[in-house]
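All chains are named by letter (A, B, ...) in the order of the sequence lines, taking the proteins before the strands, and each is independently numbered beginning at 1.
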There are 2 protein chains.
Amino acid sequence: MSGSRHDTPALTARLDDFLCFSIYAAEHAFSRAYKPLLAEIGLTYPQYLVMTVLWEEDDQSVGQLGTKLSLESSTLTPLLKRLEAEGLLTRHRDKQDERVVRVKLTQPGDKLRNRAAKIPACILSASGMSLDELGKLRDQITQLTKRLEEAV
Amino acid sequence: MSGSRHDTPALTARLDDFLCFSIYAAEHAFSRAYKPLLAEIGLTYPQYLVMTVLWEEDDQSVGQLGTKLSLESSTLTPLLKRLEAEGLLTRHRDKQDERVVRVKLTQPGDKLRNRAAKIPACILSASGMSLDELGKLRDQITQLTKRLEEAV
DNA sequence: AACGATTAAATCGTATACGATTAATTATCG
DNA sequence: CGATAATTAATCGTATACGATTTAATCGTT
């Protein structure tokens with residue numbers, strides 16, 4: 001057996017040991033869990049996140065959305081154009097500062113909130129966890145994210 | 001105030017309340033934390049995950065890799081072709097079953113493991129958590145993923 | 001052996017996602 | 001006031017990622 005490349009397993013952690021991979025897998029799982037629910041209202045998962053930010057606070061700039069979602073304009077611009085083409089929002093240059101593009105919900109975009117309202121409960125139920133457990137887990141992950149961002 | 005669209009905030013959970021968003025953000029943070037480290041060895045984050053699976057066990061089919069990473073062949077095939085073009089692995093049809101493509105590390109691909117070996121420790125340090133905390137968090141997330149997958 | 005069902009990858013179209021660059025506008029400082 | 005710096009989106013090139021379809025090979029049943 002000596003000399004085989006499998007003599008030194010300690011060099012490579014097993015994928016299942018990686019916290020980053022558990023997050024990667026969970027992200028996939030969430031995306032898949034949301035997909036059928038979002039398909040009913042014609043949104044993708046990232047589009048749903050953008051709409052959620054706008055339902056929370058309307059009339060935000062591309063930059064504000066990017067900060068909240070950790071996304072670049074190179075990602076947001078095409079995504080927002082698709083939502084605009086769907087008639088869910090408008091994009092207009094800010095009169096005071098023409099560099100800024102302000103994103104506003106249309107009436108259909110605002111109305112969609114009602115149809116999306118039941119989705120979080122579906123996911124909660126699918127997760128099989130209590131609101132309390134979920135909140136604790138969320139806070140731990142958020143703190144981890146904060147530390148990773150500080151370290152970079 | 002009555003009649004404003006902001007009368008019913010309960011309809012829309014705040015984005016920060018979403019566990020799914022904390023995972024989404026953590027996935028981004030991990031990806032960004034890994035990026036400079038992986039750039040040194042010329043890998044992207046998904047490519048690193050594939051290589052990790054192969055370092056763990058060489059000579060796997062595209063399907064096996066897909067199962068372990070929750071990825072479709074439509075994602076893996078182009079990714080594997082890039083790694084093949086880099087000379088890190090080979091792709092060959094299985095002699096016993098020509099439907100199957102077996103992926104094997106080349107010597108450079110195997111050697112890369114040594115250069116990648118220090119990366120997990122860097123991330124661990126950046127996360128600012130103990131191995132024990134990390135393990136507990138990982139197990140909770142893995143369980144959550146399992147439940148979400150079962151519910152779909 | 002034969003033929004329909006199943007399986008494994010690959011392909012295609014669409015949608016993120018990011019870094020680097022560009023374009024347009026605004027701020028700043030001499 | 002005017003040149004330069006800084007800011008904001010948009011654009012471009014590359015790399016995931018998935019669903020649906022296609023292709024090729026194998027399996028199952030008769």
Side-chain angles (χ1 to χ4, degrees), chain A residues 21 24-36 38-39 42-51 60-67 69-86 89-103 149 152, chain B residues 21 24-36 38-39 42-51 60-86 88-103 149 152:
Chain A
F21 180 68
Y24 182 83
E27 161 68 7
H28 282 168
F30 265 116
S31 178
R32 272 192 271 269
Y34 271 101
K35 188 156 292 185
L38 292 175
L43 293 178
T44 66
Y45 184 57
Q47 287 169 1
Y48 170 68
L49 294 179
V50 168
M51 292 300 287
Q60 298 190 62
S61 72
V62 173
Q64 282 177 297
L65 297 175
T67 299
L69 293 163
S70 299
L71 293 175
E72 306 294 320
S73 70
S74 48
T75 300
L76 277 174
T77 297
L79 190 158
L80 291 170
K81 282 184 177 174
R82 281 178 210 111
L83 293 175
E84 185 182 36
E86 303 277 336
L89 51 80
T90 59
R91 296 159 59 250
H92 290 297
R93 292 277 167 185
D94 189 308
K95 287 285 186 297
Q96 262 65 50
D97 184 344
E98 290 276 348
R99 291 172 302 182
V100 174
V101 167
R102 304 209 67 85
V103 179
E149 283 167 353
V152 177
Chain B
F21 180 68
Y24 182 83
E27 161 68 7
H28 283 168
F30 265 117
S31 179
R32 271 192 272 269
Y34 271 102
K35 188 156 292 185
L38 292 174
L43 293 177
T44 66
Y45 184 57
Q47 287 170 0
Y48 170 68
L49 294 178
V50 168
M51 292 300 286
Q60 297 190 62
S61 71
V62 172
Q64 282 178 297
L65 297 175
T67 299
K68 290 184 180 174
L69 294 164
S70 299
L71 293 176
E72 305 295 319
S73 70
S74 48
T75 301
L76 278 174
T77 296
L79 190 157
L80 292 170
K81 281 183 178 175
R82 280 177 210 113
L83 292 175
E84 186 182 34
E86 302 277 337
L88 297 178
L89 51 80
T90 60
R91 295 158 60 249
H92 290 298
R93 292 279 167 183
D94 189 306
K95 287 286 186 295
Q96 263 66 49
D97 186 342
E98 291 276 345
R99 291 172 304 183
V100 174
V101 167
R102 303 209 68 84
V103 180
E149 284 168 352
V152 178

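With distances taken from any side-chain atom of A/Lys35 to the nucleotides D/dC18, D/dA10, C/dT16, the minimum falls on D/dC18. Out of D/dA24, C/dT16, C/dT26, the shortest distance to the side chain of B/Arg99 is found at D/dA24.
Rounded to a whole Å, the CG atom of A/Leu65 is 11 Å from the P atom of D/dA10. We find that NZ of A/Lys81 is positioned 14 Å from P of C/dA15, with the value rounded to whole Å. If you measure from atom NE2 of B/His28 to atom P of C/dG19, you get 11 Å, rounded to the nearest angstrom. Computed from coordinates, the A/Leu79 CG to C/dC18 P distance equals 12 Å when rounded to whole Å. Per the geometry, CD belonging to B/Glu98 stands 12 Å off P belonging to D/dC27, to the nearest Å. Distance, A/Leu71 CG to D/dA10 C1': 15 Å, rounded to whole Å. The CZ atom of A/Arg82 sits 5 Å away from the P atom of C/dA15 (whole-angstrom rounding). Between the CG atom of B/Leu43 and the C1' atom of D/dT16 there is a distance of 14 Å, rounded to whole Å.
At the heavy-atom level, A/Ser31 lies nowhere under 4.0 Å from the strands shown. Nucleic acid contact class of A/Thr44 (heavy atoms, under 4.0 Å, all strands): sugar-phosphate only. Residue contacts for A/Leu76: at a heavy-atom cut-off of 4.0 Å it reaches no nucleic acid atom on any strand shown. Residue contacts for B/Thr67: at a heavy-atom cut-off of 4.0 Å it reaches no nucleic acid atom on any strand shown. As judged by a 4.0 angstrom heavy-atom cut-off over every strand, A/Gln64 is placed among residues making no nucleic acid contact. Among the protein residues, B/Arg102 comes within range of no part of the nucleic acid, since none of its heavy atoms lies under 4.0 Å from any strand. Within the nucleic acid shown, B/Gln96 comes within 4.0 Å of sugar-phosphate atoms alone, with no base atom in reach, counting heavy atoms only.
Between B/Glu98 and B/Arg93 there is no salt bridge, since none of the side-chain N atoms of the basic residue sits less than 4.0 Å from a carboxylate O of the acidic one.
A/Thr75 contributes no side-chain N or O that, together with a main-chain N or O of A/Leu71, makes up a donor-acceptor pair within less than 3.5 Å. No donor-acceptor distance shorter than 3.5 angstrom exists from the side chain of B/Ser31 to the backbone of B/Glu27, with no hydrogens or angles considered. Put simply, the side chain of A/Ser73 never gets that close to the backbone of A/Leu76: no donor and acceptor are under 3.5 Å apart.
Between A/Tyr48 and A/Tyr34, the angle of the ring planes lies from 30° to 60°, which puts this pair in the tilted group.
Contact annotation: B/Ser73 does not reach the phosphate of C/dA9 (side-chain N/O to OP1 or OP2, under 4.0 Å). Side-chain N/O atoms of B/Ser74 include none lying less than 4.0 angstrom from OP1 or OP2 on C/dC12.
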